[in-house]
Amino acid sequence: MTRSHRVLHRMIWPVLAFIVAFGFALALGWRPPPEPAPAAQVEQPR
Amino acid sequence: MSVALRAVQWNRDKVVYDAILVSCVALYLALFLVIAWRVTPPKNLPDAIDLWIRATGSCAFLMLTVILSIGPLARLDRRFLPLLYNRRHFGVLTFGVVVTHALSMLAWYWTLDALPNLAAELTKWGDYGKFIGFPFKVLGMAALLVLFLLASTSHDFWLMFLTPRVWKFLHMALYVAYGLVVMHVALGIMQTVHSPLIPAMLVGGFGLVAALHLAAGWREHKLDRKMSAAGWLSIGPPSSIPDKGARVVTAPHGERIAVFRDGNQIGAVTNLCAHQNGPLGEGRIIDGCITCPWHGYQYRLADGCAPPPFTEKLVTYRVRVERGMVEVDPTPLPPGTPAAVIAT
């Protein structure tokens with residue numbers, strides 16, 4: 001790895017990692033709650 | 001080095017590497033489908049295609065994770081070097097799995113006679129301003145485009161045509177593709193399927209890649225902090241350089257120099273292999289030649305030239321032994337200049 005390649009690698013990698021980690025955290029935190037399961041059929045008393 | 005197209009030069013190691021790789025992919029897909037089929041048996045053809053989409057998608061994510069982990073792993077532990085040997089075929093196979101994933105998605109829409117819905121989904125411009133609800137398929141398509149660019153330029157022809165420096169910069173786009181894939185999953189299936197497996201896969205994969213890069217980066221950083229002052233660089237006594245191995249020093253201008261010893265012959269060359277800028281200083285002297293740990297490219301210690309019929313040449317550095325200490329002049333000599341000395 002050349003010096004310039006190393007410098008670019010060290011600049012880009014943490015920025016990209018932070019953006020992705022932040023985006024993932026938002027996507028996880030803001031995801032809509034699961035849809036409620038359909039109510040189970042209650043057998044009517046005869 | 002001439003720029004000419006040569007077919008892939010297969011050897012036994014490459015065939016074994018590729019056979020193991022293809023077997024692992026086939027095994028993963030088979031296991032995924034068998035387990036998923038039992039847990040949620042598909043009711044119709046679109047459901048079956050959906051399982052295949054998930055199998056290829058998760059497989060591609062895991063393959064990308066492994067590919068990005070190979071570099072730092074090989075730096076941290078030499079036992080992982082064999083994984084690096086044919087990493088480009090790994091990348092091309094990953095591209096193949098990603099293409100299968102994309103085609104399966106098209107097949108899913110086609111079987112439901114809903115291809116216009118896909119077009120409508122991608123051209124609903126208002127959704128591009130949202131975070132949750134962003135057209136996540138576009139992120140996957142962007143990753144596919146990057147992977148296509150990397151796969152199509154993976155051959156040595158492009159490496160020589162573009163030069164190793166430009167080629168390496170171009171192939172760093174794999175990190176961008178990985179980020180796009182993580183967000184494609186996070187804004188896509190993770191929003192609708194509430195299984196903890198999906199966040200676990202993303203956190204585990206991304207965390208592994210990040211941790212390995214941090215560990216390898218920290219090791220590299222420590223090496224660069226030992227950067228020497230201008231003038232001849234003192235390496236230490238000849239015995240401080242492992243026989244048939246090297247010590248790597250960082251010159252004041254920031255480039256690294258690999259100082260090799262072969263018995264009592266000592267020579268210094270650039271740490272960059274002429275092939276793919278691999279770390280020569282982590283290689284060994286085999287059959288009298290400096291041998292790159294990545295793909296086995298060889299150079300004579302005396303002058304940094306590849307043995308005939310090969311034509312690659314390395315930058316060399318002047319070496320001297322003063323009062324029992326090996327010293328290196330950090331001023332680079334033209335590639336192929338004889339500069340090694342015999343320590344007495």
Side-chain angles (χ1 to χ4, degrees), chain A, chain B residues 68 71 75 130-134 136 139 164-169 171-173 175-176 178-188 190-195 198-199 202-203 206-207 209-211 213-214 216-217 220-221 223-224 227 250-251 253-256 270-273 276-279:
Chain A
M1 208 185 261
T2 62
R3 179 173 170 267
S4 51
H5 185 190
R6 268 200 309 277
V7 169
L8 187 72
H9 197 272
R10 283 176 189 168
M11 281 193 316
I12 281 184
W13 206 91
V15 173
L16 194 63
F18 176 77
I19 292 171
V20 173
F22 187 66
F24 170 77
L26 286 185
L28 189 63
W30 289 354
R31 71 175 168 171
E35 287 176 17
Q41 272 192 329
V42 180
E43 202 175 330
Q44 296 294 322
R46 297 182 184 192
Chain B
L68 287 176
R75 180 132 293 159
K130 297 176 183 171
F131 183 68
I132 301 294
F134 186 87
F136 67 94
L139 300 173
R165 179 183 285 257
V166 175
W167 191 87
K168 291 290 277 187
F169 276 121
H171 281 245
M172 275 172 65
Y175 290 104
V176 176
Y178 191 64
L180 288 167
V181 168
V182 171
M183 291 314 296
H184 168 71
V185 179
L187 293 175
M190 196 178 83
Q191 297 301 311
T192 50
V193 176
H194 281 253
S195 160
I198 297 167
L202 293 181
V203 170
F206 185 74
V209 170
H213 276 77
L214 282 174
E220 299 275 306
H221 180 64
L223 181 69
D224 285 348
M227 195 182 286
T250 306
H253 51 77
E255 291 297 355
R256 291 174 181 167
T270 172
N271 194 42
L272 303 170
C273 178
Q276 254 190 43
N277 285 350

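Each chain gets a letter, A, B and so on, in the order the sequences are listed, and its residues count up from 1. Since the structure is predicted, the reported quantities are computational estimates derived from the model, not experimental observations.
Contact detail for A:P32 and B:Q191: the closest heavy-atom pair is CD-OE1, 3.3 Å. Annotation for A:L16 and B:V176: closest pair CD2-N, 3.8 Å, computed over non-hydrogen atoms.
Checked against side-chain hydrogen bond (donor to acceptor under 3.5 Å, both in side chains), A:R31 has no partners two or more places apart in sequence or in another chain. Considering only residues two or more places apart in sequence or on other chains, A:L26 meets the side-chain contact (heavy atoms from CB on, under 4.5 Å) condition with A:F22, A:W30, B:F131.
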>> I'd like to know whether B:L202 forms a side-chain contact (heavy atoms from CB on, under 4.5 Å) with A:F24, so could you lay out the CA-CA distance, the side-chain angles of the two residues, the decisive distance to 0.1 Å, and finally the verdict.
In response: CA-CA 9 Å; B:L202 293 181; A:F24 170 77; 3.5 Å; yes
> What's the verdict on side-chain contact (heavy atoms from CB on, under 4.5 Å) for A:W13 and B:M172, showing C-alpha distance, side-chain angles and the deciding distance?
Replying inline: CA-CA 10 Å; A:W13 206 91; B:M172 275 172 65; over 6 Å; no
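Contacts with chain B were tallied for A:G23, A:P14, A:P33; A:G23 has the most, counting heavy-atom pairs under 4.5 Å.
Proximity to chain A is limited to the side chain of B:M183, based on heavy atoms less than 4.5 angstrom apart. Of the atoms belonging to B:V209, heavy atoms from both backbone and side chain fall under 4.5 Å from chain A.
For the atom pair A:L28 CG and B:L187 CG, the distance stands at 11.0 Å (nearest 0.5 Å).
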